Every structure is written in C-alpha cells, then in structure tokens.
Enquirer: 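A single structure is presented below for examination.
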Amino acid sequence: MQAKYKKNNNVLNNRHDKKYLLLAAAILYVIIYVSFYPTFYTFVDENEYLRGSYLLSQGRLKVTDTHQQYRYLPFTDPCDNDKPCSSSLHYSNKYPPGMFLLLLPFTIISWKLGFLLSLAAHLASFYLLIKILRKLSINEYFALLYLFFPGIVFFSRTMMSELPSIFFILLSFYFYIKEDKKDKVLAGIFTGVAILIRYTNALFFIALSLAMFLRWLKETRWRLNSRNLFNKQAVDYLLFLISFVPFLILLLLYNKHAYNGFLNFGYTLQNSGVSVVLFKSFYTYFKYIGALLIVYPLMLLAPIYYRGKYKLEIILSTYLFLIVFGMQDLFHYDVIKNLIIGTRYMFPVLPLMLIAYFGVLENVINWLINRYNSKFNLKTYLSPNKCILFIVMILFLLSITITKAQYGYSSNLGSIKDTIYNSVPPDSIIYGELFEMMFINEHFGNLNAMTTAYAPFLQNMGKSDKKEFIIDISSKYDDDLLKNPRDIVKMSTSKSHILMVINDTHAKLYAENKIKGNTVRFYEIGKLSNQIT
C-alpha cells in the first residue's frame with residue numbers, strides 16, 4: 001500500500017505529468033465556456049466597450065450627432081481664438097481606448113466574438129502565472145486556484161476590462177522579475193498598455209516604481225554619490241520609466257481629443273478635471289477586507305506573511321489598490337454576489353495576491369501534515385498536491401454554477417434586446433435612462449438613442465422627423481418616470497410611441513393611468529408577451 005501511494009504521489013509531482021494536468025484543466029475550462037457561451041453581455045459598461053470598438057472600426061472615437069449619444073458623455077467643444085465661440089457639443093466614451101483596440105479584431109467579425117477576448121486573456125494569464133510560480137519555486141498546481149477563482153470565472157464571460165488588465169499587469173510582472181535590461185523595458189511597455197485599458201491600472205505602475213526606487217536606495221545604502229548613482233538598480237529604474245512614458249503621452253493626447261483637456265478624464269463628467277475620490281467611511285474598507293479574507297481564507301493577509309522574492313512589489317501593489325478603492329462603496333449586490341464580483345476593482349492585482357497566498361498556503365499545508373502526522377499518519381494519505389486538487393474539484397463545481405447563472409441572466413437581457421430591435425423600426429430614436437441604453441448598439445442595428453439624463457424628454461420629444469420611442473425597463477435601476485407614470489402622458493406626442501419591457505405589476509400601474517393615444521407596448525420580462533393597450 002505504501003509503495004502504491006508513493007507511485008501515485010510521484011505522478012502528481014512529476015513535472016511532465018503536471019504539465020498535462022494543467023493543460024487538461026484549461027481545456028476543460030474552455031469546454032464549459034463554449035457549452036454556455038454568452039449570448040449577451042451582463043454589465044452596462046460592456047455596451048460602451050463594444051460601441052467603442054465599432055466607432056474605432058469607422059475611424060472615430062467620439063460622436064457629434066445628438067441622436068447618437070447613447071450613454072456617451074457631453075463635452076463642450078473649445079473656442080477657437082480666430083472664430084466666434086461655439087457651444088457645440090461632442091460626446092465621448094468615458095473609458096480609455098485600450099479595450100476598443102483589443103476588442104476590434106474580434107468584433108469586426110461579429111460582436112458576439114468579443115467575449116473571446118476575456119477568455120483568451122484568462123487562459124494566457126493562467127499560463128503566465130504557471131511560469132512565474134515555477135520561477136519563484138512555488139508549486140505550479142496552485143495556478144489552478146486562479147483558473148477557477150469564482151470572480152474570475154464570472155468576468156471571463158464578459159467584455160469588461162478586468163481580464164485584459166490582469167493579463168497585461170501579470171505580463172509586466174513576468175518581465176519585471178527577469179534580470180535582463182530589455183526585460184525592464186518590456187515591463188514598462190506592458191504597464192503602459194495596462195493603463196490604456198484602465199486608468200486605475202496606473203496604481204500598479206506607481207507600486208513598481210516605488211519598489212524599484214526603494215531597492216535603488218537600499219543598494220546605495222541610502223548614500224548617493226557619483227559611483228553608485230547609476231548602478232544596475234538605477235539603470236533598470238530609468239529603463240522602466242522611459243519605456244512607460246510613450247503610453248502616458250498617448251493617454252494624455254487621447255484625453256485632450258476626447259475630453260478637451262490632457263488631465264480631463266471621462267469619469268469626471270464634462271471637463272471637471274482630475275477627479276478626487278472622497279473618503280466616505282471605514283465601513284467601505286471592511287467590505288473589501290471581509291470579502292478578500294473570506295473567498296480564499298486570509299488571502300488579503302498573505303502578502304504580509306509571504307517570505308519569497310518580490311514581497312515588496314506584491315505588498316505595495318495589493319495595499320495601494322485596497323487603499324484607493326476602499327475609499328468608494330462599490331458593492332452593489334447581495335452578500336453572495338458581492339463575495340464573487342464585489343471586489344472586481346482589485347482583480348488587476350489579484351494574481352500578485354495569489355502568488356503570496358500560494359507561497360504561504362503551501363507552507364501551512366506542509367506544517368499541518370508534519371504537525372499531525374504522528375497522530376493521524378497524514379503523510380500516507382495527504383500531500384500539498386492532493387489538497388490543491390481537492391480544493392480545485394470544489395471550485396470546479398462552483399464554477400459550473402456561476403457559469404450557468406451568468407448564462408441565464410445574460411440570456412434574459414439578450415431577449416430584451418431582441419424585443420426592442422424586433423419592435424422598433426430601423427432609424428428610429430430611442431429615449432431612455434442609462435440602463436436602457438445598454439440594449440442599443442450599432443452592432444445590433446441602425447437605431448438612434450438619447451440618454452434622458454443628458455437630453456431631457458421635454459426638450460427633445462417631437463423635434464425630429466424620425467419615429468420616436470420611450471423605453472422603460474423595470475429593474476433595480478428604476479427611475480422617476482417609472483415611479484410617476486403620469487409623466488409619460490405629458491411627454492408623449494402624436495408621433496411618439498412607448499415601448500416598455502416590464503413586469504405585470506408595472507403593466508397594471510401604467511394601464512390604471514389610462515395611457516392612450518399612442519402605441520403602447522408592454523413586454524413582460526421572461527415571457528416577453530406583447531400586450532397592446
């Protein structure tokens with residue numbers, strides 16, 4: 001029996017067999033993904049990324065037609081000194097252009113292929129993590145805990161920026177830990193690419209820059225002179241900074257083009273300059289801390305207890321992200337959903353947290369086995385590899401549950417999109433709030449759309465020769481119009497229509513207010529039954 005155990009354990013430890021087991025896990029992941037391939041996106045933000053790729057394919061980054069604003073933000077065009085000042089507007093996406101570029105090769109064929117970007121980024125990150133763990137002498141089996149991390153499983157099925165951010169930050173870290181000078185250049189380049197995807201990825205650049213600066217000072221023993229001013233650490237630091245600069249310049253030029261100012265950002269809304277995140281409450285920090293301590297037990301503390309290489313970089317990256325995002329309450333769901341996706345803003349540095357966690361967890365597993373071996377003879381039955389594979393089996397079953405739930409939710413949203421496009425004539429104008437705009441996109445068909453937050457109904461209804469539709473969708477994003485259906489009557493014109501995707505309760509509410517004189521269509525979510533009053 002003992003000999004048989006050793007033989008099986010050798011199989012688990014054999015590097016050749018590990019390679020095939022890791023590959024098999026990746027293939028299994030793809031099979032599940034394809035079996036429940038997303039039919040529609042999940043988040044409102046995905047609509048903007050998707051639309052950005054479409055406009056980029058047309059050679060544009062912004063729009064000037066008010067009827068095509070969708071969820072884009074309005075910016076007043078600057079005055080020309082040689083011409084009278086104009087109050088004309090243009091509308092820009094609030095996100096940097098990186099995701100548009102990455103999505104373009106997929107969406108230029110079909111918008112539904114856009115989901116493959118996150119899948120490809122996830123599998124590539126899995127591969128990179130294996131190589132990094134191997135270089136740091138950490139058991140590469142632990143990479144499976146990243147592959148099936150619950151929140152990552154969910155976001156790999158979206159067109160959000162989380163997975164591409166993870167990939168480029170991990171790619172930057174991979175070259176950062178290599179020794180050649182050219183590798184520091186590549187680390188700077190890929191960090192630059194990361195901020196083109198997501199502004200806040202600049203936090204990773206700050207963390208690495210600070211770590212390199214501190215290592216440089218340590219190398220000089222905190223005494224700078226002509227002999228040590230340009231030592232290897234200093235040269236690496238300069239190469240990293242210089243290779244990052246072109247991407248910073250590119251981002252500033254994009255801000256100038258899209259938002260009329262180098263230091264204006266889409267998040268700041270209408271030229272208000274660099275936004276300052278206000279500290280709200282310690283309670284928001286507890287949400288992040290709690291989630292990051294529960295999903296993988298004590299994961300958030302791992303960087304502190306980690307004793308491997310590049311501890312400084314991991315600590316600075318992890319806690320810098322935590323400090324910045326902990327200032328905002330970004331948890332919008334119930335407890336279970338918050339545990340899975342609530343910490344998504346921390347995901348770009350999640351692999352770095354996991355690297356530290358894996359190193360600590362491996363030591364803990366070995367300590368437990370050795371500590372209680374004499375009492376329970378644990379070495380006969382357990383090993384770190386077996387413990388990892390047992391955990392992965394549980395995560396695998398959880399990932400199927402997450403995949404099916406996300407597939408069902410996104411499919412329901414896809415049904416709403418189909419209802420709108422099947423019911424509204426082409427080239428019509430859609431009026432709706434932010435949530436409704438997620439269903440309107442050039443990739444789906446030729447519809448115009450105006451977000452009422454920036455183009456009030458009363459100022460625009462009836463001023464176009466196009467057919468006009470108000471869309472109201474009953475959801476957690478309910479607005480004042482849904483609460484006060486009488487306002488719909490006031491805003492209706494002789495050529496306006498009202499198209500609602502709602503539930504029975506709201507259908508009765510609108511009917512009781514006797515909305516008539518226009519074509520009013522009710523579509524019940526789920527059944528999508530057409531009721532014309």
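Given the structure is predicted, the values throughout are model-derived calculations rather than measurements. Heavy atoms only: backbone and side chains are in, while hydrogens, waters and symmetry mates are out.
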Enquirer: Considering residues at least two apart in sequence or located in another chain, which fulfil the ring-ring contact (aromatic ring centres under 6.0 Å, His included) criterion with F175?
Expert: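 For F175 the ring-ring contact (aromatic ring centres under 6.0 Å, His included) partners, ignoring immediate neighbours, are F190.
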
Enquirer: Quick check: do R71 and K94 have side-chain heavy atoms less than 4.5 Å from each other?
Expert: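 In contact.
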
Enquirer: Only counting residues at least two apart or in another chain, list the ones meeting side chain to side chain contact (heavy atoms under 4.5 Å, CB included) with I177.
Expert: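 So I177 forms a side chain to side chain contact (heavy atoms under 4.5 Å, CB included) with I132, K135, F173, Y310.
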
Enquirer: Treating N412 as the side-chain partner and G408 as the backbone partner, does any N or O pair qualify as donor plus acceptor under 3.5 Å?
Expert: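 Answer holds: no.
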
Enquirer: Does a sphere of radius 6.0 Å around OH in Y127 hold more than 12 heavy atoms from other residues, nucleotides or ligands, not counting ones at 6.0 Å or beyond?
Expert: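 12 or below, so no.
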
Enquirer: Keeping to residues at least two apart or across chains, list the side chain to side chain donor-acceptor pair (under 3.5 Å) pairs with something in residues 111-124.
Expert: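 Listed by first then second residue: H122-Y146.
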
Enquirer: Could you measure the distance from the CZ atom of F154 to the CD1 atom of I340? Nearest 0.5 Å is fine.
Expert: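 With rounding to 0.5 Å, CZ (F154) is 8.0 Å from CD1 (I340).
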
Enquirer: Give me the atom names and distance for the closest heavy-atom approach of F100 to L61.
Expert: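 Taking F100 first and L61 second, the nearest heavy atoms are CD1-CD2, 4.3 Å.
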
Enquirer: Tell me the side chain to side chain donor-acceptor pair (under 3.5 Å) pairs involving residues 295-308, sequence neighbours left out?
Expert: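 Output for this query is empty, none listed.
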
Enquirer: Using atom types as modelled and distance alone, determine if a side-chain donor or acceptor of N201 lies under 3.5 Å from a backbone N or O of I195.
Expert: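 Checking the backbone N and O of I195 against the side chain of N201, no donor-acceptor pair under 3.5 Å is found.
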
Enquirer: Would you give the length of the straight line joining atom CZ of F265 to atom CG of L251, rounded to the nearest 0.5 angstrom?
Expert: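 One gets 6.5 Å once the value is rounded to the nearest 0.5 Å.
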
Enquirer: Give me each pair satisfying salt bridge (Lys or Arg N to Asp or Glu O under 4.0 Å) with a member in residues 400-412, each pair once, sequence neighbours excluded.
Expert: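 Counting only pairs at least two positions apart or across chains, no salt bridge (Lys or Arg N to Asp or Glu O under 4.0 Å) contact touches residues 400-412.
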
Enquirer: Quick one: pull up CD1 in I341 and CD1 in I152 and give me the separation to the nearest 0.5 Å.
Expert: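 The CD1 atom of I341 sits 12.0 Å away from the CD1 atom of I152.
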
Enquirer: Taking the six-membered ring of Y176, is the NZ or CZ of K184 close enough (under 6.0 Å from the centre) and on axis enough (within 45°)?
Expert: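 That pair qualifies as a cation-pi contact.
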
Enquirer: Going by salt bridge (charged side-chain N to carboxylate O under 4.0 Å, His left out), name the residues that satisfy it together with E313, two or more places apart in sequence or in a different chain.
Expert: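 Result, salt bridge (charged side-chain N to carboxylate O under 4.0 Å, His left out) vs E313: R215.
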
Enquirer: Keeping the roles fixed (side chain from N366, backbone from E362), state whether a donor-acceptor pair exists under 3.5 Å.
Expert: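 Flag set: sc N366 to bb E362 pair under 3.5 Å.
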
Enquirer: Where does the angle between the aromatic ring planes of H443 and Y54 fall among parallel (under 30°), tilted (30 to 60°) and perpendicular (over 60°)?
Expert: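 Plane angle over 60°, so perpendicular.
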
Enquirer: Restricting to pairs with a member in residues 147-157, which pass side chain to side chain donor-acceptor pair (under 3.5 Å), not counting sequence neighbours?
Expert: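 Qualifying pairs, neighbours excluded: Y29-S156, R157-Q406.
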
Enquirer: Please confirm whether Y288 and F331 have ring centers closer than 6.0 angstrom.
Expert: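 Judged by ring-centre distance (under 6.0 Å), Y288 and F331 do meet the cut-off.
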
Enquirer: Any donor-acceptor pair under 3.5 Å linking the side chain of Y254 with the backbone of L196?
Expert: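 Here the side-chain-to-backbone pair does not exist.
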
Enquirer: For a quick check under 3.5 Å, do K18 and N139 share a side-chain donor-acceptor pair by atom type?
Expert: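 The criterion, which ignores hydrogens and geometry beyond distance, is satisfied for N139 and K18.
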
Enquirer: Report the distance from atom CZ of F167 to atom CG of L129, rounding to the nearest 0.5 Å.
Expert: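 The distance works out to 12.5 Å.
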
Enquirer: Y319: which residues meet the ring-ring contact (aromatic ring centres under 6.0 Å, His included) condition with it, sequence neighbours left out?
Expert: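 Per chain and number, Y319 pairs via ring-ring contact (aromatic ring centres under 6.0 Å, His included) with no residue.
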
Enquirer: Using ring-ring contact (aromatic ring centres under 6.0 Å, His included) as the criterion, list what pairs up with Y237, not counting sequence neighbours.
Expert: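 Here no residue qualifies.
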
Enquirer: Say you draw a straight line from CD1 of I391 to OH of Y141; how long is it, rounded to the nearest 0.5 Å?
Expert: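 Rounded to the nearest 0.5 Å, the CD1-OH separation comes to 14.0 Å.
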
Enquirer: Report yes or no: is the cationic atom of K131 (NZ for Lys, CZ for Arg) closer than 6.0 Å to the six-membered ring centre of Y174, at no more than 45° off its axis?
Expert: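 Output no; distance or angle outside limits.
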
Enquirer: Say whether, by atom type as modelled, one donor and one acceptor occur between the side chain of D180 and the main chain of D183 under 3.5 angstrom.
Expert: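 No, the answer is negative, given that no donor and acceptor are paired below the 3.5 Å cut-off.
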
Enquirer: Roughly how far, to the nearest 0.5 Å, is CG of L50 from CG of N441?
Expert: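 These two atoms lie 4.5 Å from each other.
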
Enquirer: Can you confirm if the aromatic rings of F168 and F204 lie within a centre distance of less than 6.0 Å?
Expert: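 They do not qualify: ring centres at least 6.0 Å apart.
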
Enquirer: I'd like to check the side chain to side chain contact (heavy atoms under 4.5 Å, CB included) partners of V185; sequence neighbours left out, ordered by chain and number.
Expert: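 For V185, the residues satisfying side chain to side chain contact (heavy atoms under 4.5 Å, CB included) (neighbours in sequence not counted) are I189, L239, S243.
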
Enquirer: Take a 6.0 Å sphere around OH of Y37 and say whether it holds more than 12 heavy atoms from other residues, nucleotides or ligands.
Expert: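 Above 12, so yes.
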
Enquirer: Going by side chain to side chain contact (heavy atoms under 4.5 Å, CB included), name the residues that satisfy it together with I249, two or more places apart in sequence or in a different chain.
Expert: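 With neighbours one apart ignored, the set is V245, L253.
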
Enquirer: In chain order, what residues pass the side chain to side chain contact (heavy atoms under 4.5 Å, CB included) check against T39, with sequence neighbours excluded?
Expert: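 Y407, S410, S411.
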
